[in-house]
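Beneath this line is the structure, given in structure tokens, with notes to follow.
What you see is a predicted model; the values in this text were computed from it and never measured. Excluded from the calculations below are hydrogen atoms, water molecules and symmetry mates; all remaining heavy atoms, backbone and side chain alike, are included.
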Amino acid sequence: MTDAPAPATQNRPGPLISFEGGDGVGKTTQIQRLATVLAAARIDYRLTREPGGTELGAQIRRLLLHGGAVDPRAEALLYAADRAQHVAEVIRPAMARGQVVLTDRYLDSSIAYQGAARSLGAAEIRSLSEWATDSLLPDLTILLDADPSVADLRTGARGAKDRLESEGAVFRAALREQFLALAAAEPERFAVLDARRTIEEVAEDVDQRVADLLPEASGARAAFLRAAARMGRTAQGAS
């Protein structure tokens, strides 16, 4: 029996990594897989989401996704309220502890959904979100990109759709266009990955991008890459 590997500690504030994209592109699958790799590497992390990462956020999520009609401006303000509480209660404290923070959606979703698809203005919604977060941006944003028709098939296979998943083709096309525009404007922060590929192919790209954020000196990067390679071999063996 071999000893367990020593924890890969970090001596700096943990990075913030967001996963973005339209519904059905595989964000939840990839973020959960990444969390599994971090756990295997003994790298401390915090997995969260928007909306709904706090008790207040859970109530806002229910109203936004499963309630009745919401005025677009009210919708934008509710998302901003969720994000402000999320950053104050969850994200900043976790980063201060040195944890790698993984969030399923962050402020880029509001810019794309409310700013572009709801036609409220991307600049206005970005300003609102930056005020809500005190200008906290992710160190890395993984944008999973796929044609809306492909993503629509996936959400349809999941059963009943929430309020945003039920929006039409024009809404989804505007959403994708805005996400890609955001990525083009900030290439140093965004990694745009083709979500039409297999889970393993996308995950390999995710792993490389995340590894680049982890410190070499503490051994975190090497531990992460070893864990990712083991998971990749396991996935290949199961296929």
Side-chain angles (χ1 to χ4, degrees), residues 13-23 25 27-28 30-31 34 45-54 56-61 63-65 70 72-96 99-145 162-165 167 171-172 174-193 206 209-210 213:
L16 171 60
I17 302 170
S18 61
F19 281 70
E20 297 284 9
D23 294 300
V25 295
K27 294 185 308 304
T28 301
Q30 290 297 330
I31 201 170
L34 176 56
Y45 71 92
R46 177 65 187 260
L47 178 61
T48 187
R49 69 176 182 176
E50 288 191 357
T54 64
L56 174 64
Q59 298 178 53
I60 292 174
R61 182 183 184 90
L63 290 170
L64 286 169
L65 300 184
V70 181
R73 291 179 183 273
E75 181 180 87
L77 290 167
L78 285 168
Y79 275 111
D82 166 77
R83 186 161 299 121
Q85 186 70 18
H86 190 210
V87 167
E89 183 179 328
V90 176
I91 294 178
R92 285 195 187 275
M95 293 176 70
Q99 292 178 300
V100 178
V101 180
L102 312 176
T103 181
D104 189 340
R105 297 200 181 282
Y106 192 56
L107 84 172
D108 296 297
S109 277
S110 282
I111 299 169
Y113 276 85
Q114 284 76 51
R118 294 285 192 226
S119 300
L120 294 180
E124 288 80 358
I125 298 301
R126 179 167 190 139
S127 179
L128 175 64
S129 289
E130 288 184 348
W131 180 80
T133 64
D134 196 19
S135 300
L136 178 64
L137 290 175
D139 297 280
L140 171 66
T141 296
I142 303 289
L143 175 58
L144 299 178
D145 176 59
D162 64 36
R163 195 169 60 85
L164 291 180
E165 290 173 341
E167 294 287 355
F171 180 94
R172 295 196 299 274
L175 182 68
R176 184 192 188 196
E177 182 178 342
Q178 182 61 59
F179 271 129
L180 292 174
L182 290 169
E186 296 183 69
E188 70 286 349
R189 173 163 73 89
F190 278 84
V192 183
L193 306 182
V206 171
R209 298 288 186 156
V210 172
L213 289 179

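When all heavy atoms of P138 and S18 are compared, the closest pair comes out as CG-OG, 3.4 Å. Taking all atoms of both residues into account, the shortest heavy-atom contact from L107 to S129 is CB-CB, 3.7 Å. E20 and K27 get closest at one heavy-atom pair: C-CD, 3.5 Å. Between A191 and L140, the closest heavy-atom pair is CB-CD1, 4.2 Å. Nearest heavy-atom pair, F179 versus G22, reported as atom, atom and distance to 0.1 Å: CE1-N, 4.0 Å. The shortest non-hydrogen separation linking L64 to E75 is CD2-CG, 3.8 Å.
Separating the CZ atom in R49 from the OG1 atom in T103 is a distance of 10.0 Å, to the nearest 0.5 Å. Atoms CD1 and NE2, on I60 and H86 in that order, are 11.5 Å from each other to the nearest 0.5 Å. For the atom pair OG1 of T48 and CD of E89, the computed distance is 9.5 Å after rounding to the nearest 0.5 Å.
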*Can you list the steps and then say if Q114 with R73 is a side chain to side chain contact (heavy atoms under 4.5 Å, CB included)?*
CA-CA 8 Å; Q114 284 76 51; R73 291 179 183 273; over 6 Å; no

*For side chain to side chain contact (heavy atoms under 4.5 Å, CB included), just list the numbers for L47 and Y45, CA-CA rounded to whole Å, side-chain angles, deciding distance to a tenth of an Å, and then say yes or no.*
CA-CA 7 Å; L47 178 61; Y45 71 92; 4.0 Å; yes

_Could you walk me through whether L136 and Y106 satisfy the side chain to side chain contact (heavy atoms under 4.5 Å, CB included) test, starting with their C-alpha distance in whole Å, then the side-chain angles of each, then the deciding distance to 0.1 Å, before giving a yes or no?_
CA-CA 10 Å; L136 178 64; Y106 192 56; 3.7 Å; yes

*asked:* Apply side chain to side chain contact (heavy atoms under 4.5 Å, CB included) to residues L102 and R46 and explain how you reach the verdict.
replied: CA-CA 6 Å; L102 312 176; R46 177 65 187 260; over 6 Å; no

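Remark: R209 CZ is loosely packed, at most 12 non-hydrogen atoms of other residues, nucleotides or ligands lying under 6.0 Å away.
One N or O on the side chain of T54 and one on the backbone of G57 form a donor-acceptor pair closer than 3.5 Å. A donor-acceptor pair under 3.5 Å is formed between the side chain of D139 and the backbone N or O of L16.
No side-chain heavy atom of I142 sits under 4.5 Å from any side-chain heavy atom of L34. No side-chain heavy atom of Q178 sits less than 4.5 Å from a side-chain heavy atom of Y113. Considering only heavy atoms from C-beta on, D145 stays 4.5 Å or farther from V25 through its side chain. Within the 4.5 Å cutoff, the side chain of F19 has heavy atoms near those of the V206 side chain. The shortest distance between side-chain heavy atoms of T141 and I17 does not fall below 4.5 Å.
Identified under the salt bridge (charged side-chain N to carboxylate O under 4.0 Å, His left out) test for residues 76-87, with sequence neighbours left out: E50-R83.
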With a 3.5 Å cut-off and sequence neighbours excluded, list the donor-acceptor pairs that the side chains of residues 120-127 form with protein atoms.
from: R126; atom 1: NE; to: E130; atom 2: OE2; distance (Å): 2.8
from: R126; atom 1: NH1; to: E186; atom 2: OE2; distance (Å): 2.9
from: R126; atom 1: NH2; to: E130; atom 2: OE2; distance (Å): 3.4
from: R126; atom 1: NH2; to: E186; atom 2: OE2; distance (Å): 3.2

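Taking the salt bridge (Lys or Arg N to Asp or Glu O under 4.0 Å) definition, one finds that D104 meets it with nothing, sequence neighbours left out.
No option in L182, L193, L180 other than L180 meets the side-chain contact (heavy atoms from CB on, under 4.5 Å) test with L143.
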